Amino acid sequence: MSDTSTPKLDFIREIIADDLATGKHATTITRFPPEPNGYLHIGHAKSICLNFGIALENAGVGAKCHLRFDDTNPEKEETEYVESIKADVKWLGFDWGSDLYFASDYFAFFHDCAVHLIKEGKAYVETQSAEEMRASRGNLTTPGTPSPGRSRGVEENLDLFARMKAGEFKEGECVLRAKIDLASSNMNLRDPVLYRIMHSEHHNTGDAWCIYPMYDFAHPLEDALEHITHSLCTLEFENHRPLYDWFIENCPVPSKPRQIEFARLNLSYTIMSKRKLLELVQGGHVGGWNDPLLPTISGMRRRGYPPEAVVHFCKRVGITKFNGTTDVALLEFDIRDFLNHAAPRRMAVLDPVKVVLENWSAEPHATVEVPNHPQNPDMGDRHIPISNEVWIEREDFMEVPEKKFFRLGPDRYVRLKGANIIRCIGYEKDAEGKITLIRAELLPGTIGVDTPEGVVCKAAIHWVDVATGVDAEVRIYDRLFTEEDPDAAEGGFLSVINPDSLKTVTARIEPALAEVEPGFSCQFDRLGYFIADAIDHAPGTKPVFNRTVALKDSWVKKGGR
RNA sequence: AGCCUCAUAGUGUAAUGGUAACACCCCGGAUUCUGAUUCCGUUAUUCUAGGUUCGAAUCCUAGUGAGGCUACCA
């Protein structure tokens with residue numbers, strides 16, 4: 001396969017290509033191994049795209065990517081999370097085929113490996129408390145000291161471990177430790193815990209077990225068992241690699257996977273900590289894990305983000321070991337870019353002012369025909385009703401127009417998008433000076449034709465017919481959950497939520513919008529991108545729209561640049 | 001403090017000892033029935049100091065800065 005335009009390979013893909021070229025591996029098997037203790041977020045999307053992407057790219061040699069739930073801690077894991085994770089991976093467009101696994105299905109194997117280590121004199125039962133262990137482990141500069149249990153004989157360890165498994169001990173009474181090196185400069189090697197006692201119900205294995213393996217012990221064994229060739233994880237596991245390799249070397253495993261670390265995704269102004277997201281959900285600060293406010297995959301889905309755009313973004317940020325922070329502007333670009341091509345256009349008015357067309361009878365008509373997409377005629381046209389009264393956006397009218405303002409003002413012209421050019425011939429204000437009504441006249445014969453000679457009309461604005469326009473709830477989202485908001489008060493992350501940002505406004509929308517299907521995205525903002533997604537509404541009821549991508553200027557500048 | 005890892009425009013990522021580049025962002029201009037899109041253009045980059053070499057972003061040493069590690073979480 002000669003490819004003149006060889007795509008640039010990141011360092012991981014290079015390693016994999018090498019292993020294939022040198023014959024070290026005949027194929028490549030990766031895995032995405034989430035713990036089902038929460039919903040996936042944009043950071044996980046990067047890992048999903050990496051692992052499943054590599055499998056896809058090497059499909060020619062039978063490469064695969066497993067979906068494996070790393071469920072070794074029954075206290076934090078739930079079936080709800082398993083289902084949401086599957087749905088999110090699918091939504092991103094990836095398929096694990098028949099390769100769906102649970103670490104909990106390997107509990108017997110982990111146990112056998114533990115017994116093997118004990119027999120080899122490489123593991124022992126520890127009866128010190130967690131506090132005592134912490135103390136005897138030493139610290140960054142001083143080596144640890146052996147506990148009495150470290151010199152226990154094999155038979156006694158075997159017996160104690162069997163009794164641990166049989167449920168004879170309470171939680172915390174004892175653990176199984178590997179006997180490695182108490183003086184290692186790598187703390188992970190100072191006799192790490194292999195098994196702890198937990199008398200709790202497991203979402204998959206129920207009460208079959210009361211001892212559960214630790215991540216460091218279980219993960220390499222899971223990988224080896226599944227013949228994973230390249231086990232890709234994030235940078236914080238770098239110091240765990242020697243331990244990973246130690247288990248591979250010292251346990252009876254069927255293959256030798258290699259762990260490779262890459263930098264996790266950090267996005268500016270975005271909270272990506274599972275712990276904090278959990279706190280937001282459990283504290284009732286958001287409507288759930290799939291609240292469009294959150295950077296979860298399900299939240300992005302409800303925002304109307306196209307999955308292809310998210311995947312494209314993940315590819316574009318690349319894979320390195322550099323621990324940086326990606327500007328959300330990169331994500332937003334991909335979202336806008338995909339939506340721009342795919343989203344049909346609709347009109348909506350959020351902050352309405354009524355315009356009365358005084359000479360309505362000059363050109364009587366009931367509907368106008370408007371294209372669904374400005375550049376793509378294949379998307380067709382729609383007919384929308386119009387009468388002598390329409391709503392327009394308050395900010396599309398200026399009593400005293402500033403320079404470079406091209407829309408409506410006294411005695412000025414503007415086009416009602418898809419319909420006539422109108423001229424403002426008067427307006428009314430209330431006591432506070434707020435515009436309450438605009439009087440205008442339409443220019444007959446200006447539908448679908450260029451601006452007539454002698455008329456200055458440089459803009460086309462959104463409008464909605466007063467008689468037939470439909471009301472809909474429009475939720476407006478800014479990027480609320482930020483840890484870097486300069487205006488945020490000090491303290492917990494909750495202080496950075498801007499309570500004013502979650503607004504619900506009643507917008508006037510064109511009737512065509514009231515009939516859209518759930519999941520429909522469209523653009524209806526004149527100024528920037530303003531994508532609506534009809535979410536979760538039953539047929540026949542009014543859709544709820546959420547604004548998904550902030551206007552170019554409105555938010556980012558506030559972030560201080 | 002010890003060990004491990006990382007460092008290229010504002011941001012992310014290329015360049016694999018041979019002319020430092022791409023995308024985003026920003027700014028300016030043209031077009032536009034969305035102040036969108038599209039098109040054109042501008043600014044700006046190898047952390048520091050030594051060394052190896054004809055030649056260093058790349059290799060070596062030291063320094064600086066950032067991240068990780070002292071869980072019976074993953």
Side-chain angles (χ1 to χ4, degrees), chain A residues 8-11 14 33-35 37 70-73 75-77 126 129-130 133-135 137-144 171-177 184-188 190 192-198 211-212 214-216 218-219 233-242 261 263 265 268 274-275 313 316-334 336-337 340-341 345 347 370-371 373-375 404-407 414-419 421 446-451 457-462 523-530 551-552 556-557 561:
Chain A
K8 282 160 191 160
L9 298 185
D10 53 65
F11 78 103
E14 245 172 54
E35 183 189 16
N37 68 344
D70 211 356
D71 53 353
T72 54
N73 183 351
E75 287 181 354
K76 303 202 298 187
E77 297 149 7
E126 174 65 79
S129 69
M133 273 179 60
R134 193 164 21 252
R137 188 149 27 215
N139 60 35
L140 267 14
T141 49
T142 61
E171 290 187 12
E173 251 184 292
C174 51
V175 295
L176 185 71
R177 296 177 80 175
S184 173
S185 57
N186 183 341
M187 297 300 291
N188 296 117
R190 318 252 268 226
V193 171
L194 267 36
Y195 265 99
R196 77 283 212 188
I197 295 169
M198 292 176 113
I211 54 171
Y212 290 93
M214 300 292 291
Y215 166 87
D216 281 322
H219 207 86
C233 63
T234 44
L235 249 25
E236 66 266 30
F237 293 105
E238 248 169 352
N239 297 331
H240 295 240
R241 187 168 3 110
E261 310 84 17
L265 175 67
S268 58
K274 247 188 190 177
R275 205 201 87 239
F313 164 75
R316 230 156 44 94
V317 297
I319 299 294
T320 65
K321 300 188 78 159
F322 175 65
N323 200 321
T325 300
T326 300
D327 196 323
V328 285
L330 266 72
L331 205 213
E332 290 180 337
F333 172 79
D334 279 315
R336 284 200 307 268
D337 198 33
N340 178 46
H341 293 290
R345 276 74 223 257
M347 294 192 290
V370 187
H373 193 282
Q375 281 89 31
K404 295 243 181 171
F405 181 83
F406 303 132
R407 286 159 277 159
V414 81
R415 179 181 290 278
L416 297 179
K417 192 173 167 59
I421 291 173
T446 50
I447 296 183
V449 298
D450 289 343
T451 305
C457 175
K458 300 173 80 169
I461 63 173
H462 281 214
Q523 182 194 338
F524 61 93
D525 186 29
R526 176 185 46 75
L527 281 173
Y529 269 83
F530 192 80
L551 302 187
K552 278 192 165 184
V556 176
K557 277 185 179 166
R561 179 97 53 100

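Source: prediction; values computed, not measured. Atoms considered below: every heavy atom in the structure, side chains included; atoms not considered: hydrogens, waters and symmetry mates. Naming convention: chains lettered A, B, ... in sequence-line order (proteins, then strands); numbering from 1 in each chain.
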**Message:** As a check on the pairing definition, encode RNA chain B in dot-bracket form, counting Watson-Crick and G-U wobble pairs whose two distances are under 3.5 Å, and using | for partners outside this strand.
**Reply:** .((((((..((((....[..))))..((((.......)))).....(((((..]....))))))))))).....
Holding to side-chain hydrogen bond (donor to acceptor under 3.5 Å, both in side chains), I want the full list of residues that pass it with [X], two or more places apart in sequence or in another chain.
{"X": "A/Thr234", "answer": "A/Glu236"}
{"X": "A/Lys417", "answer": "none"}
{"X": "A/Asn323", "answer": "A/Asn266"}
{"X": "A/Glu171", "answer": "none"}

**Prompt:** So with a 6.0 Å cut-off around NZ of A/Lys321, is the heavy-atom count from everything else above 12?
**Reply:** yes
Who pairs with [X] by side chain to side chain contact (heavy atoms under 4.5 Å, CB included), at least two apart in sequence or on another chain?
{"X": "A/Arg134", "result": "A/Glu131"}
{"X": "A/Pro242", "result": "A/Asn186, A/Leu189"}
{"X": "A/Ala263", "result": "A/Leu235"}
{"X": "A/Cys457", "result": "A/Tyr413, A/Arg415, A/Ile421, A/Thr451, A/Val455"}

**Asked** Can you list the residues that meet the salt bridge (charged side-chain N to carboxylate O under 4.0 Å, His left out) rule with A/Asp216, with sequence neighbours excluded?
**Response**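 Listed in chain order: nothing, the list is empty.
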**Prompt:** What string of B, S and - do you get for nucleotides 64-74 of chain B 5' to 3' if you count protein non-hydrogen atoms under 4.0 Å?
**Reply:** ---SBSBSBBB
**Request:** Remember a base hit wins even if backbone is also touched, and classify A/Ile447 as base, sugar-phosphate or nothing at under 4.0 Å, heavy atoms.
**Result:** base
Please list each protein N or O that sits under 3.5 Å from an N or O in nucleotides 56-61 of chain B, with the distance.
none

**Request:** Find the distance A/Leu330:CG to B/G10:C1' and express it as a whole number of Å.
**Result:** 12 Å
